[in-house]
There are 2 protein chains.
Amino acid sequence: MTDIFIDAKNHTDHQKFLKGMELLYFAYRDFISWPDDVLHALGFGRAHHRILHFVGRNPGLKVAELLKLLNITKQSLSRVLSTLVEKGHIRQDIGAQDRRQRLLYLTDQGQKLLNKIAEHQKEHMLKAFENAGDQSVEGFWKVLSALLADENRDDILMRINSGIDD
Amino acid sequence: MTDIFIDAKNHTDHQKFLKGMELLYFAYRDFISWPDDVLHALGFGRAHHRILHFVGRNPGLKVAELLKLLNITKQSLSRVLSTLVEKGHIRQDIGAQDRRQRLLYLTDQGQKLLNKIAEHQKEHMLKAFENAGDQSVEGFWKVLSALLADENRDDILMRINSGIDD
DNA sequence: TTAAATATGTCAACATGACTGACATATTTA
DNA sequence: TAAATATGTCAGTCATGTTGACATATTTAA
């Protein structure tokens, strides 16, 4: 690919917009929609994966926090979360200070499932990062951070970066 | 935000993966899911938007090409495309060389609708690009290009870059 | 010239993951 | 003790995808 296709200065605003929009659409699609045998064999879908992911990343997450992260209603969450609890992938502990709260944790089984699911995506993304180079990865992060909704940005960046500087 | 949160060298592979994955998820979601009054008032959804977009970008697109771009079945496309044709936003011309083909074009009405829909997203993305800077935008494009599925990459990049060097 | 392949469209049934509205229970707070 | 809060559940709906079967018009190949 010749440089003209990457050099942002050679693009009009409208071309930048179209390119960003289309690349984001196709790349997101290709990244999330791989043949997901593991999940499907268990009767799970992407909604289950998302819950496993965020509970794995935030052990002790409260139901209300998960709802806010996923930006869905409790009725939507209920069906999906219930099956994960029933099948022993997620554990719900009663809150220590507030006994109304349910604190969510992955069970060992849930952790194993999550690891298995993530394998392919991890490989895919790290290969892309390697091909693009560290400087491009930093640009990728910067643009994505800027694309976040203003109301969400601080919250999300804090969550995402927690643990990086440990 | 201190530099440590952006410097890729300070991340382990697993941290890079998690950060890329979550940022991509949240940024994509925030970018596509704005309060879409214009579409909704007409009884249209995101599927309609996608068709308007790709037909607008590729005038004379064949149905088969659109199906391949969107990666959906013709049955799925049918419902959505039909309503767009019925309501006068898309025109289907019979192919000149091959009369079995239907070549898709936006009508003036369709073009107006698309412009209206794109307004907010264009503003959102260009503001993000401005905040991040041209160098980051180039990194953003590079990583997204690398994230495309290998089978799709050449095709998609050719489409996306067509018109940039005119 | 006819048979097969191709491009498109349509009917029907189903899956997933969202939504709204109404209501129930347990627990904490004012 | 009453109100607010955190969670859960029932029931119905919607948007968008899927598979399978079949129909029509047109082009291509034997």
Side-chain angles (χ1 to χ4, degrees), chain A residues 25 28-30 32-37 39-55 60-86 90-105, chain B residues 25 28-30 32-37 39-55 60-86 90-105:
Chain A
Y25 169 71
Y28 183 82
R29 192 191 66 182
D30 284 357
I32 55 151
S33 70
W34 82 106
D36 204 339
D37 301 330
L39 277 175
H40 208 256
L42 292 165
F44 293 156
R46 259 167 253 305
H48 301 81
H49 183 185
R50 276 202 286 276
I51 295 178
L52 287 172
H53 172 87
F54 285 115
V55 172
L61 195 67
K62 292 165 206 148
V63 170
E65 291 174 324
L66 181 54
L67 288 176
K68 205 189 158 204
L69 262 179
L70 296 174
N71 217 11
I72 59 175
T73 60
K74 60 181 176 175
Q75 295 93 327
S76 296
L77 177 65
S78 169
R79 265 182 315 208
V80 183
L81 181 55
S82 303
T83 67
L84 286 170
V85 171
E86 278 166 25
I90 285 185
R91 178 167 48 92
Q92 296 178 294
D93 287 5
I94 291 177
Q97 311 92 8
D98 187 335
R99 292 174 47 79
R100 291 172 303 180
Q101 296 173 343
R102 296 293 173 272
L103 310 184
L104 305 175
Y105 297 89
Chain B
Y25 169 72
Y28 182 82
R29 193 190 65 182
D30 284 356
I32 55 153
S33 71
W34 80 107
D36 204 338
D37 301 329
L39 277 175
H40 208 256
L42 291 164
F44 293 155
R46 261 167 252 305
H48 301 83
H49 184 185
R50 277 201 286 276
I51 294 178
L52 288 172
H53 172 87
F54 284 115
V55 172
L61 195 67
K62 292 166 206 147
V63 170
E65 290 174 325
L66 181 54
L67 287 175
K68 206 191 158 203
L69 263 179
L70 296 173
N71 217 12
I72 58 174
T73 60
K74 60 180 176 176
Q75 295 94 326
S76 297
L77 178 63
S78 171
R79 264 182 315 209
V80 184
L81 181 54
S82 303
T83 68
L84 287 170
V85 171
E86 277 164 26
I90 285 186
R91 176 167 48 90
Q92 296 178 294
D93 288 3
I94 290 177
Q97 311 92 7
D98 188 333
R99 293 174 46 80
R100 290 171 303 181
Q101 296 173 343
R102 297 292 174 272
L103 310 184
L104 306 174
Y105 297 90

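A note on names: the letters A, B, ... follow the listed sequences, proteins ahead of strands, and every chain is numbered from 1. Here the structure is a predicted model, which means the values were calculated and not measured.
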Worksheet item: How is B:H40 classified with respect to the nucleic acid when contacts are heavy atoms under 4.0 Å: base, sugar-phosphate, or nothing?
Response: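 The answer is nothing, as B:H40 stays clear of every strand by at least 4.0 Å.
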Discussion item. Just to be sure I understand the rule, does A:E65 reach a base, reach only the sugar-phosphate, or reach nothing, if contact means heavy atoms closer than 4.0 Å?
Written reply: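 Nothing, no heavy atom under 4.0 Å.
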Item to complete: Identify the heavy atoms of B:F54 and B:L61 that sit nearest to each other, and give their distance.
Response: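 Closest pair (atom of B:F54, atom of B:L61, distance): O-CD2, 4.1 Å.
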Practice prompt. Would you name the heavy atoms of A:R99 and A:I94 that are closest together and state the gap between them?
Written response: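 Taking A:R99 first and A:I94 second, the nearest heavy atoms are O-CG2, 3.5 Å.
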Worksheet item: Is there a donor on the side chain of A:R79 or the base of C:dA18 sitting less than 3.5 Å from an acceptor on the other?
Response: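 By the distance-only test, yes, there is a pair.
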Discussion item. Tell me if the side-chain of A:R102 makes a donor-acceptor pair with the base of D:dT7, cut-off 3.5 Å, by modelled atom types.
Written reply: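 In this structure, the two groups form no donor-acceptor pair.
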Has [X] got a side-chain atom pairing as donor or acceptor with [Y]'s backbone, closer than 3.5 angstrom?
| X | Y | answer |
| --- | --- | --- |
| B:R50 | B:G45 | no |
| A:S76 | A:I72 | no |
| A:S82 | A:S78 | yes |
| A:R46 | A:I32 | yes |

How long is the line joining [atom1] of [X] and [atom2] of [N], in whole Å?
| X | N | atom1 | atom2 | result |
| --- | --- | --- | --- | --- |
| A:L39 | C:dG17 | CG | P | 9 Å |
| B:Q97 | C:dT6 | CD | P | 18 Å |
| B:L67 | D:dT19 | CG | P | 13 Å |
| B:L77 | D:dA15 | CG | P | 17 Å |
| A:Q75 | C:dT16 | CD | P | 20 Å |

Worksheet item: Please, what dot-bracket string fits DNA chain C when only Watson-Crick and G-U pairs with both distances under 3.5 Å count, crossing ones use [ ] and pairs to another strand use |?
Response: ||||||||||||||||||||||||||||||
Worksheet item: So does B:S76 get a side-chain nitrogen or oxygen closer than 4.0 Å to the phosphate oxygens (OP1/OP2) of D:dT16?
Response: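 So the side-chain polar atoms of B:S76 never come under 4.0 Å of the phosphate oxygens OP1 or OP2 of D:dT16.
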Discussion item. For a quick test of reading the model: is some side-chain N or O of B:S78 closer than 4.0 Å to OP1 or OP2 of C:dG9?
Written reply: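 Checking C:dG9 against B:S78, no side-chain N or O comes under 4.0 Å of OP1 or OP2.
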Practice prompt. State, with a plain yes or no, whether a side-chain heavy atom of A:H48 is found less than 4.5 Å away from one of A:T83.
Written response: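 They are in side-chain contact.
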Please tell me which of the listed nucleotides, [options], lies nearest to the side chain of [X]?
| X | options | value |
| --- | --- | --- |
| A:V63 | C:dA18, C:dT10, D:dT7 | D:dT7 |
| A:I72 | C:dC19, D:dG17, C:dG9 | C:dC19 |
| A:R100 | C:dT20, D:dT27, C:dT28 | C:dT28 |

